[in-house]
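Chain letters run A, B, ... following the sequence lines, proteins first and then strands; every chain starts at 1.
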2 protein chains.
Amino acid sequence: MTRHERRPSRPTQADIARLAGVSQPTVSLVLGGNKAGVALSDETRQRVLDAAESLGYVPDPIARRLSRRTNNLLGLYTFTATFPTDVQHSYYPFLVGVEEEAAAQGYDLLLFTSSGAYEGATDVLNRVRLADGCLFLGRHVPEKAMGRFLDDGYPLVYIGRHDELGERLPYVGADYVSASADVVRRLAELGHRHLAYVREKDDAPASADREAGLRSAVADTGVRADVVRTDGGDVDTARLRSWLADGVTAIVAEETDTDIAVTAVESAARAGGLRCPDDFSLALLGDRVGRSPGLPALSGFAIPRREMGRAAVRMLTGLIAGEPEARIRQILGCHPLAGETVGAPPRPPEH
Amino acid sequence: MTRHERRPSRPTQADIARLAGVSQPTVSLVLGGNKAGVALSDETRQRVLDAAESLGYVPDPIARRLSRRTNNLLGLYTFTATFPTDVQHSYYPFLVGVEEEAAAQGYDLLLFTSSGAYEGATDVLNRVRLADGCLFLGRHVPEKAMGRFLDDGYPLVYIGRHDELGERLPYVGADYVSASADVVRRLAELGHRHLAYVREKDDAPASADREAGLRSAVADTGVRADVVRTDGGDVDTARLRSWLADGVTAIVAEETDTDIAVTAVESAARAGGLRCPDDFSLALLGDRVGRSPGLPALSGFAIPRREMGRAAVRMLTGLIAGEPEARIRQILGCHPLAGETVGAPPRPPEH
DNA sequence: CTGAAAGCGCTTACAG
DNA sequence: CTGAAAGCGCTTACAG
């Protein structure tokens, strides 16, 4: 006897029970494979199975999940659109890894985005609780909401190193520190003595790690590096030329999901008719996903995004399973990309 | 008093009720916005809201779904991986549109894949019932499962035209028929009189529509078109040369998500040192998402994937809302792509 | 060996 | 104006 008007509805365990002449819990037992090992006559079992078959029974995942308190859903939260319109977006390789590993572990993926949502809305973030656990992808950490998740014991993993919550936040990061230092060392070996480092204005662990690596290599090699923070608009051809006039022979750019820094340098160079590595060397602290047609391959390093995605899923499912929280933070190595934009320093102009 | 061992768990309406000194259903009423317009004292309302706030209450989407029979989740089912490793995959633009419109309508996206799952497993498909409705993306229709969904009144929409279930399957397709006819007409206008049409071996509505368009234009213009079915392996340089020797001046290739046909032709041409449009014209019945670096832009037509994604979401949410099932099938127009691979026919070789 | 009960966390008539 | 009840469709102890 239902109370709502309902669409032609699927058979339930109750229907099967009625048809087989047993109780509904018995149906659940039989169809659940009887994991508890309860004694069941073969005859009853068969009657139930036949009834289920004849009715075309399909278990309702919602009800099952309510009683079992787990739903085999992994959330993926991106603070910008998961599928941005610039097709070559750097999230994609993470998604490849996340999907692969989630499928391998029998989880489905639930996509959440705060894009378009009002700022700081914790309700938006709370939607993720629908999933058994959630992956987060973004340059920053909304500390209040994440703190609450952690307090509640809600399983979550960040993709990207984050120390905003001290040691509490589980993450899978990449070794930007060593990889960035290597880039500078390669430039030093080629003979560059004076670099400009162009980075985004805002701070994030991903920025701090790159700059730390750069600084350590600068200290090791004795090259000079001027750090320039930009929001994109303030790097133009004139500025680029003034750096070169000051003796800068190589420009190192931070890589971020928006790639503001490197894009600004490239535009300024193109506008000024400057070419890499003839006029100056250009290195990226990272890589560009899906090279833009017409642009040369940037020298830099490859971030193991796919493997990071996989590792993050493994960490998350481990947390969900309540495994001993050993490897709660993980850093994967990057590998160098030779590219086409780095070479020996240009000969200084004659005076 | 719970019976299972539980992680530190979130507050429920029962907890709020206890704290506010009201019944649990009253809490539900207050938090649900009291749509029924039940009388409620402001004081009670406020006590409940305060208690919810102080406990950090978040409704359980699963429980809500069980009683409300809806959960603001839209499924997206892909029969291959949603994020294939070849970065430039044609699903991406669909996903952009789907995400945009889903976000605009307040739905989250639930990703399902049958990739890796055993063939024909209906259980795999049944997972989608967790969502309020589901989008399907794929060349083929598993008729039995889809028929059952339709019988049950489960809301679903295919992206791509499909008539495997007669008129029953809701879809958003693209007008491959007209667009394909236009491609042939443009070739005819350039002077081509003999084409080879290279298509996949297996049949699907997307194939049938392209071929229908091709044939209608062939009939109109009086050009000749030889239809060749390929699985990729059987189109090589020798075969390509023999077509040209027979007087074929333009090759038209079917576009599919795997792009077997066009890839085979391109490889054969490259291997034989043949160039387009100098040695022959090459047109695609569709477009290539994210042009492969180094390959020329193919002549063909653009499929409005993003808009198809958006339209499919709108159709699906309409179905979920039980709107009069008027626009249950929708075909969007494509627009021509000039590209670089089509030109006038080469001069016939001297004999 | 099998049935009846309680519970998962909500919503929605229905009494008072 | 508010509370108690029933129900969504399952699972899992617990009695017999």
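- The side chain of S41(A) has dC1(C) as its nearest neighbour among dC1(C), dT12(C), dG3(C).
- For the pair I62(A) CD1 and dT11(C) P, the computed distance is 14 Å after rounding to whole Å.
- In this entry the distance linking CG of L130(A) with P of dC10(C) reads 13 Å, nearest Å.
- Shown are I320(B), V157(B), L135(B), I159(B); of these, the side chain to side chain contact (heavy atoms under 4.5 Å, CB included) with M315(B) is made only by V157(B).
- Between R45(A) and S28(B), the residue anchored closer to the 5' end of DNA chain C is R45(A), taking for each the nucleotide with the nearest heavy atom.
- For the pair R68(A) and dC10(D), the criterion of a side-chain N or O lying under 4.0 Å from OP1 or OP2 is not met.
- Looking only at side-chain heavy atoms (C-beta outward), D108(A) and L74(A) stay at 4.5 Å or farther from each other.
- Residue P59(A) is classed as a sugar-phosphate contact, given heavy-atom separations below 4.0 Å to backbone atoms only.
- In this structure, CG of L31(A) is placed 8 Å from P of dT11(D), rounded to the nearest angstrom.
- Look at T26(A) and you'll find a side-chain N or O under 4.0 angstrom from OP1 or OP2 of dG3(C).
- One finds no side-chain N or O of Q24(A) lying less than 4.0 angstrom from the OP1 or OP2 phosphate oxygen of dA4(C).
- dG3(C) atom C1' lies 16 Å from atom CZ of R18(A), rounded to whole Å.
- Q105(A) approaches R314(A) most closely through the heavy-atom pair NE2-CG, 3.6 Å.
- Taking side-chain N and O atoms only, S67(B) has no distance below 4.0 Å to OP1 or OP2 of dG9(C).
- Regarding R64(B), its CZ atom lies at a distance of 20 Å from the C1' atom of dC10(D), rounded to whole Å.
- You'll find that the side chain of S23(A) is closest to dA4(C), out of dA4(C), dG3(D), dT11(C).
- The phosphate of dT2(D) (OP1 or OP2) has a side-chain N or O of T44(B) nearer than 4.0 angstrom.
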query: Please, what dot-bracket string fits DNA chain D when only Watson-Crick and G-U pairs with both distances under 3.5 Å count, crossing ones use [ ] and pairs to another strand use |?
result: |||.||||||||.|||
message: Set out, in order, the CA-CA distance, both residues' side-chain angles and the distance that settles salt bridge (charged side-chain N to carboxylate O under 4.0 Å, His left out) for D60(B) and R65(B), then state yes or no.
response: CA-CA 9 Å; D60(B) 181 334; R65(B) 156 74 162 161; over 6 Å; no
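- When each of dG9(D), dA4(C), dT12(D) is scored by its nearest atom to the side-chain atoms of L29(A), the top-ranked nucleotide is dT12(D).
- The ring-ring contact (aromatic ring centres under 6.0 Å, His included) test applied to Y57(B) returns no partner, not counting sequence neighbours.
- To the nearest angstrom, P of dC8(C) lies 10 Å from CG of D15(B).
- Remark: R161(A) pairs with D163(A), D209(A) by the side-chain hydrogen bond (donor to acceptor under 3.5 Å, both in side chains) rule, at least two apart or across chains.
- dC10(D) atom P lies 11 Å from atom CZ of R129(B), rounded to whole Å.
- Here dG9(D) is the nucleotide among dT11(C), dT12(D), dG9(D) with the atom lying nearest to any side-chain atom of D60(A).
- Computed from coordinates, the I16(B) CD1 to dT2(D) P distance equals 17 Å when rounded to whole Å.
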- prompt: So L156(B) and F136(B), side-chain contact (heavy atoms from CB on, under 4.5 Å) or not? Walk me through it.
  reply: CA-CA 7 Å; L156(B) 64 91; F136(B) 290 86; 3.8 Å; yes
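- Of the listed nucleotides (dA4(D), dG9(C), dT2(D)), dA4(D) has the atom at the smallest distance from the side chain of P25(B).
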task: Report the C-alpha distance between F149(B) and R129(B) in whole Å, list the side-chain angles of each, state the deciding distance to 0.1 Å, and finish with yes or no for side-chain contact (heavy atoms from CB on, under 4.5 Å).
output: CA-CA 9 Å; F149(B) 283 151; R129(B) 304 193 100 122; 3.6 Å; yes
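- Closest to the side chain of Q13(A), out of dA4(C), dT11(D), dC10(C), is dT11(D).
- Side-chain proximity of L66(B) to the nucleotides dT12(C), dA5(C), dG9(C) is greatest for dG9(C).
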